[in-house]
Structure formats: C-alpha cells, structure tokens
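This report refers to the structure that appears directly beneath it.
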Amino acid sequence: DPEFRAFWVDADSNRLKTQSQVNQLISDVKLANCNAVVVQMRRRGDTYYPSIEPWASDANPSFDALAYLIQQAHNSTPRIEVHCWLCTFPVATSSPPTNPNHPYNLYPQYLTKDNTGATFDGTNYSFDPGHPDAEQYIYNLFMDVVNRYDVDGIHFDYVRYAGKKWGYNETSVARFNARYGRTGQPVYTDTTWLQWRRDQVTNLVRKVDANAIAVKPNVKVSAATITW
C-alpha cells in the first residue's frame, strides 16, 4: 500500500517564507525519499498566504507561500503532496498582537475562558468552539484553503481545549444551560459539561471534514492529537 512519508514544517523554521527556501525544502524532501509535506500556514491568527487574517510578522505579503509550494511540489517528480497545517483554536501567545485587524482584537468575545474567567492558559489565548460565531470563523478559515488552493490535505493542530477547566466562554455556557435546563456555571468535573465540550470540538471537525470532502473528494483531513 502507498506510504505517507512526510516532512513536518513549522512556521518558526525558515523553510517556506521565500522561493529559495521552498525550492530547498522540495529538494530535501526528494532527497529523503519522502512524498508529502505538512506545512504550517497559520500560526496564531496570522498566515503565510493571503487570507481573511493578517500576514504573519515575518511573512512577505507579496509572496503566497502556499500557492508557490503547491506549484513546486505538484510539479516535482515524483509528485509531492501538500497538507496545509492550521493552528486551530489559539489566536495569540503571551504577547497579544497590537494589529487592530487581528482576530484577537476583532473578536474578543470568541475567547475561551477557564472556570475563574482567565483567558490566557499559560501558552495561548484561544477561541472557543462553543461560541457558534467562533466555530464558523474557524470553519471559514479551513474551507477558504480547500476552496482556493489545490491542497492534498488540511491539518488540524491545537484542536482542543487547554485542559478540563477551560471552555467557559459565556455564550457556550449559556447554550449549555439552555440545552439542559441548567443555570449558573457548570463545574469542570460535570460529565455532561465535559461531553458538551467534546461535542463542540467534534462539531467543528465534522463540519469541516464533510464540507471539505464535498468540495474535494480526495482531500485528506488529519489532526495532531494528544491523549490528555
């Protein structure tokens, strides 16, 4: 059976930000006898291709890294698959962006919170899929790539809450309470609440998966997952 032998290319490495870097990447992939690249095109609410989000701070706005990479990879012999890796929920790190058009600043109401009301989890500020508009926003990001680019796959990274005490976006809690006839804030050990949180993640992934395959029947949907 065909094997999946891929390079994992994070945005912090200088592997995809210029034509020469992409050309070298393709050369390295071929030399290693690999047949795919999983490339990070979205960091924290910023991208290396033209999108609804601002360009990454170290990106060249005149260079569409995703388009050029796809062109070079697909024209390679043998052909190399391109899987677009998007950081799903996080939109900022410990230093929030100052760009007023950044999603962190445009949509603060989408941020997830912990059971004390904090929005920073020690590593990231993240959107909450329990907010329907946040879910739609993230869905639109993935489908924009599927609709506009000849990608072989889309890849979910950080498609999770930061821990059991997260997910307390006010809109998500209100929806939970309306669904189950509750009031107040559910405790983080409540099994019904835990299932609700899982369902919010599942709903997003299922929605993207179903619609991506409807557009491109052969597109591969993958995720970086962890046990906790």
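Fair warning: this is a prediction, and the values are worked out from it, not measured in the lab. Numbers here simply count residues along the sequence, with the first being 1.
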Stepwise side-chain contact (heavy atoms from CB on, under 4.5 Å) test for Lys113 and Asn169: CA-CA 5 Å; Lys113 297 181 177 180; Asn169 176 278; 5.7 Å; no
Salt bridge check: are [X] and [Y] linked by an N-O gap of less than 4.0 Å?
X      : Y      : value
Arg43  : Asp58  : yes
Asp28  : Arg15  : yes
Asp209 : Lys220 : no

Report the residues that fulfil salt bridge (charged side-chain N to carboxylate O under 4.0 Å, His left out) with [X], sequence neighbours left out, ordered by chain and then residue number.
X      : result
Asp152 : Arg79
Lys30  : none
Asp133 : none
Arg5   : Glu3

Who passes side chain to side chain donor-acceptor pair (under 3.5 Å) against [X], sequence neighbours left out?
X      : value
Ser76  : none
Arg42  : Glu53
Asp144 : Arg148
Trp193 : Tyr168

Any donor-acceptor N/O pair, [X] side chain to [Y] backbone, under 3.5 Å:
X      : Y      : result
Asn115 : Val187 : no
Asp46  : Trp55  : no
Asp190 : Pro186 : no
Glu81  : Ala36  : no
Lys216 : Asp150 : no
Asn177 : Gly184 : yes
Thr47  : Met41  : no
Glu135 : His131 : no

Find out whether [X] and [Y] are in side-chain contact, i.e. whether some heavy atom of one side chain is under 4.5 Å from a heavy atom of the other.
X      : Y      : result
Gln21  : Leu25  : no
Thr192 : Arg182 : yes
Val205 : Val159 : yes

Check step by step if side-chain contact (heavy atoms from CB on, under 4.5 Å) holds for Leu69 and Val39. CA-CA 9 Å; Leu69 174 62; Val39 289; 3.5 Å; yes
Quiz question: by atom type and distance under 3.5 Å, do the side chains of [X] and [Y] form a donor-acceptor pair?
X      : Y      : value
Thr116 : Asp114 : yes
Ser20  : Thr18  : yes
Tyr68  : Asn23  : yes
Ser172 : Trp196 : yes
Gln195 : Asp199 : yes

Please evaluate residues Tyr149 and Ile70 with respect to the criterion side-chain contact (heavy atoms from CB on, under 4.5 Å), reporting the C-alpha separation (whole Å), side-chain torsions for both, the decisive distance (0.1 Å), and the verdict. CA-CA 8 Å; Tyr149 291 92; Ile70 291 171; 3.8 Å; yes
According to ring-ring contact (aromatic ring centres under 6.0 Å, His included), who are the partners of [X], at least two apart in sequence or on a separate chain?
X      : value
Tyr48  : none
Tyr104 : Tyr125
Tyr139 : none

Kindly determine whether Phe127 and Tyr110 satisfy ring-ring contact (aromatic ring centres under 6.0 Å, His included), including the steps that lead there. CA-CA 5 Å; Phe127 280 177; Tyr110 295 171; 5.3 Å; yes
Give me each pair satisfying ring pair (Phe, Tyr, Trp, His ring centres under 6.0 Å) with a member in residues 4-32, each pair once, sequence neighbours excluded. Phe4-His83, Trp8-Trp85, Trp8-His155
